[in-house]
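As structure tokens, the structure follows; a few thoughts come after it.
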Amino acid sequence: MSDSPDKAHRDFIRDIIDEDLASGRHQSIVTRFPPEPNGYLHIGHAKSICLNFGIAREYGGRCHLRFDDTNPSKEEQEYVDSIQEDIRWLGFDWGEHLYFASDYFEQLYDWAVQLIRDGKAYVDEQSAEEIRQTRGSLTEPGTPSPWRDRPAEESLDLFTRMRAGEFADGERVLRARIDMAHPNLNLRDPVLYRILHAHHHRTGDRWCIYPMYDYAHGQSDALEHITHSICTLEFENHRPLYDWFIDNLPVPARPRQYEFARLNLTYTVMSKRKLLQLVREGHVAGWDDPRMPTLSGLRRRGYPAESIRNFCATIGVTKYQSTNDFVLLENAVRDVMNRTAARRMAVLDPIRVTITNYPEDQVEEMEVANHPEQESAGTRRVPFCRDLYIERDDFLEEPPKGYFRLSPGAEVRFRSAYFIRCQEVVKDATGTVVELRCTYDPDTRGGQNPPDGRKVKGTIHWVSARHAVEAEVRLYDRLFSAENPDAGEGDFLDHLNPGSLTVLKGCRLEPALGSAEPGEAFQFERLGYFCVDARDSRPGAPVFNRTVGLRDSWAKAQK
RNA sequence: UGCCUCGUGGUGUAACGGUAGCACGACAGAUUCUGACUCUGUUUGUUAAGGUUCGAAUCCUUACGAGGCAGCCA
């Protein structure tokens, strides 16, 4: 089935846009998604991407992709590439509107010169430490720099020499001249430019001074005629500064900044710093480790882009700092995959079954539906013979009340095959069950109820031992065992879940799964949704990732 | 003890002065060739106190609680 149209939704930002359109403030809407290329995108970014690109789509406007590349010491081309791949995968397109803050360095420089000329900026010679100490505190005003009132000509000269490379990192800085006693610390003469003798991934060594975020961002918005500059709550206190620049510079447009709450998810960390740490210290296998909340990780895990979009639509956009339950995301994943994933049979923990009354060398091709609710998904042939495997926990020697699966003397349906009755249990020396000897009822071919009206409660999956494909299956659980790994004492790493990855070898899959393509997704019946690992799977040695398990009310009831 | 922001069931999210609704969860049941899906039902909420009003989750005041801010990070 193709993507259903994403759900319509309202929020305070769309309300503002409606008002702006109604009042005539804007005729069309331009948003932007402004990642810093210093890491991989995660599900939190997806919320912002869906918001910004979603608004552009709904209002017939456009959304720019602009890389906020103002700090060459942390940014790399690898991230620029992965970010674009992830946004496209999520289903969004910036068309011609790909920009880099570094494209505006010359204009930003000219505007800085103008601020100096206007007496609104000055070159400071204090050290970073001195600047920090004279900023004051949350309750006390700062004290002015001794260089605050130097002549504009002097600042101009120094700023020119800063650009020319005459100073070492940290020796000079350009600051706005606003108010050292302002109750909002951001207005206490913020730094506009710092000296950084670093190679930039785009401008190379052309520059050795780089603008700060606060100075670059709003002006970039204005240059692109962004109407609504949407960012997260931690920039709330920066808005007066954003407005100060716009008000004091001859910018070509009047963008406005709006803030919403970033995404928080239970059992997850979302900060790029921490995700980087997980990668660098080897707690995960990389940015695209299927346990990571990165878009590349979720993609490799098998999460459909549509499910992430739907998730973002259901959590909404507010200013309230909520924490969303991870099961909400999983629910969105199941919702999509239930519709889209073809069904297959796979036995992860095999136990051998012999159908003693089935002819030794006979093989039947059972016709099995690919999807129970969609006839258009067609059918496939699955070989059935005397030697089979079933799931180890689909048999219990001493079944509890209400157990529908196989047990000594009990009869179940082998899905789309036959009714099977367990006649004998074979154990090894240690008492482990190694084989079940069963009989089948020829009158139940295809899994049909027999003419005598007999019924069974349980239907289980199976795989032909003679035809099975052997595979590795990776079961993933949450990366952290604490609901909020960041809360409480100690390091977030203390809460890593040691059972977040279980690797199963020797799993037996029905033959059709042997030719699955990388990334292809299936429902392994009664188990969950799985996809072919796009990185490690090989023809003849398939590797599957469990995307998410099926709901299991039996397991839940057993607790 | 500065400035800014936010408080609606367990978790999220609607209601924009006029019946507190929806999703997920939980619980109970129906259905079922997946103990899935689907369907039905139940449960629980406006932080508090004042005020304005015929009427307040919504407007005002105060209190309480939560979060953000003192990078030459974004």
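Being a predicted model, the structure only gives us computed values, none of them experimental. What you see below is based on every heavy atom in this structure, not just the backbone, and it leaves out hydrogens, waters and symmetry mates.
Taking the side-chain contact (heavy atoms from CB on, under 4.5 Å) definition, one finds that S73(A) meets it with N71(A), sequence neighbours left out. Evaluation of the side chain to side chain donor-acceptor pair (under 3.5 Å) rule for R163(A) yields E106(A) as partners, not counting sequence neighbours. For W287(A), the ring-ring contact (aromatic ring centres under 6.0 Å, His included) partners are Y40(A), not counting sequence neighbours.
Checking rA15(B) for Watson-Crick or G-U wobble geometry (two distances, each under 3.5 Å) identifies no partner in any strand. Base pairing annotation: rU44(B) forms no Watson-Crick or G-U wobble pair, as no partner gives both donor-acceptor distances under 3.5 Å. For rG9(B), there is no paired base (Watson-Crick or G-U wobble, both distances below 3.5 Å). The partner of rA74(B) is absent, by the rule that a Watson-Crick or G-U pair needs both atom distances under 3.5 Å. Within the shown strands, rU61(B) is the pairing partner of rA49(B) under the Watson-Crick or G-U definition, both distances less than 3.5 Å. A 3.5 Å limit on both hydrogen-bonding distances identifies no Watson-Crick or G-U partner for rC37(B). Across every strand in view, rC69(B) sits in a pair with rG2(B) that passes the Watson-Crick or G-U test at under 3.5 angstrom.
Between the side-chain ring of W554(A) and the base of rG35(B), a stacking contact exists by the 5.5 Å and 30° definition.
Distance Q126(A) CD to rG71(B) C1': 15 Å, rounded to the nearest Å. The OH-C1' distance, from Y215(A) to rG71(B), rounds to 19 Å in whole Å. In this structure, CD of E36(A) is placed 13 Å from C1' of rG71(B), rounded to the nearest angstrom. Rounded to an integer number of Å, the gap from E236(A) CD to rG68(B) P is 12 Å. Look at CZ on R163(A): it is 23 Å from P on rC72(B), rounded to the nearest Å. One interatomic measurement links the two molecules: CD1 of I390(A) to P of rG35(B), which rounds to 13 Å at whole-angstrom precision. When rounded to the nearest whole Å, the span between CE of M337(A) and C1' of rC37(B) equals 15 Å. Between the C1' atom of rG67(B) and the CZ atom of F235(A) lies a distance of 16 Å, rounded to the nearest Å.
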Can you name the atoms? Protein N/O to nucleotides 62-65 of chain B N/O, anything below 3.5 Å, with the distance.
none

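A sub-4.0 Å separation between OP1 or OP2 of rC6(B) and a side-chain N or O of R262(A) is absent. Within the structure, every side-chain polar atom (N or O) of K319(A) is placed at least 4.0 Å from both OP1 and OP2 of rC4(B). Distances shorter than 4.0 Å separate some side-chain N or O of T70(A) from OP1 or OP2 on rA74(B). Between R334(A) and rC37(B), a side-chain N or O to OP1/OP2 separation shorter than 4.0 Å is absent.
The backbone N or O of A168(A) lies less than 3.5 Å from a partner atom in the side chain of E171(A), making a donor-acceptor pair. When atom types are taken as modelled, the side chain of R177(A) and the backbone of R148(A) share a donor-acceptor pair closer than 3.5 angstrom. Between the side chain of W244(A) and the backbone N or O of L187(A) there is no donor-acceptor pair closer than 3.5 Å. A donor-acceptor contact shorter than 3.5 Å links the side chain of S271(A) to the backbone of K274(A).
With rC72(B), rA74(B), rU34(B) as the candidates, the nucleotide lying closest to the side chain of R135(A) is rC72(B).
Listed by residue number, G170(A), P183(A), L185(A), V191(A), R194(A) are the residues of residues 166-194 of chain A with a heavy-atom contact under 4.0 Å to RNA chain B.
Under the side chain to side chain contact (heavy atoms under 4.5 Å, CB included) test applied with L329(A), the options I315(A), L265(A), N324(A) reduce to a single match, L265(A).
Salt bridge E306(A)/R339(A): present, at least one basic N to carboxylate O contact under 4.0 Å.
In this structure, Q523(A) reaches the bases: a heavy-atom distance under 4.0 Å links it to at least one base atom across the strands shown.
As rounded to the nearest Å, rC54(B) and rA49(B) have P atoms that lie 22 Å from one another. Remark: the separation of the P atoms in rG9(B) and rU5(B) is 23 Å, to the nearest Å.
Taking the centre of each ring, Y213(A) and H217(A) come in below the 6.0 Å mark. Centroid-to-centroid, the aromatic rings of F159(A) and Y109(A) come within less than 6.0 Å. A ring-centre distance under 6.0 Å is found for F524(A) and F544(A). Taking the six-membered ring for Trp and the full ring otherwise, the centers of F414(A) and Y440(A) sit at least 6.0 Å from each other.
Of the two residues contacting RNA chain B, namely N331(A) and G447(A), the nearest-nucleotide position lying further toward the 5' end is that of N331(A). Residues H217(A) and V327(A) both approach RNA chain B. Their nearest nucleotides, taken by heavy-atom distance, put V327(A) toward the 5′ side.
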Margin query: Across nucleotides 7-19 of chain B, 5' to 3', mark each nucleotide with B, S or - according to how protein heavy atoms within less than 4.0 Å reach it.
Written below: ----SSSS-B---
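Judged by a 6.0 Å distance limit and a 45° cone about the ring axis, R202(A) is positioned over the six-membered ring of F100(A).
An anti orientation is assigned to rG55(B), its glycosidic angle lying beyond 90° of 0.
Taking 3.5 Å as the limit, the base of rG35(B) and the side chain of R551(A) contain no donor-acceptor pair of atoms between them.
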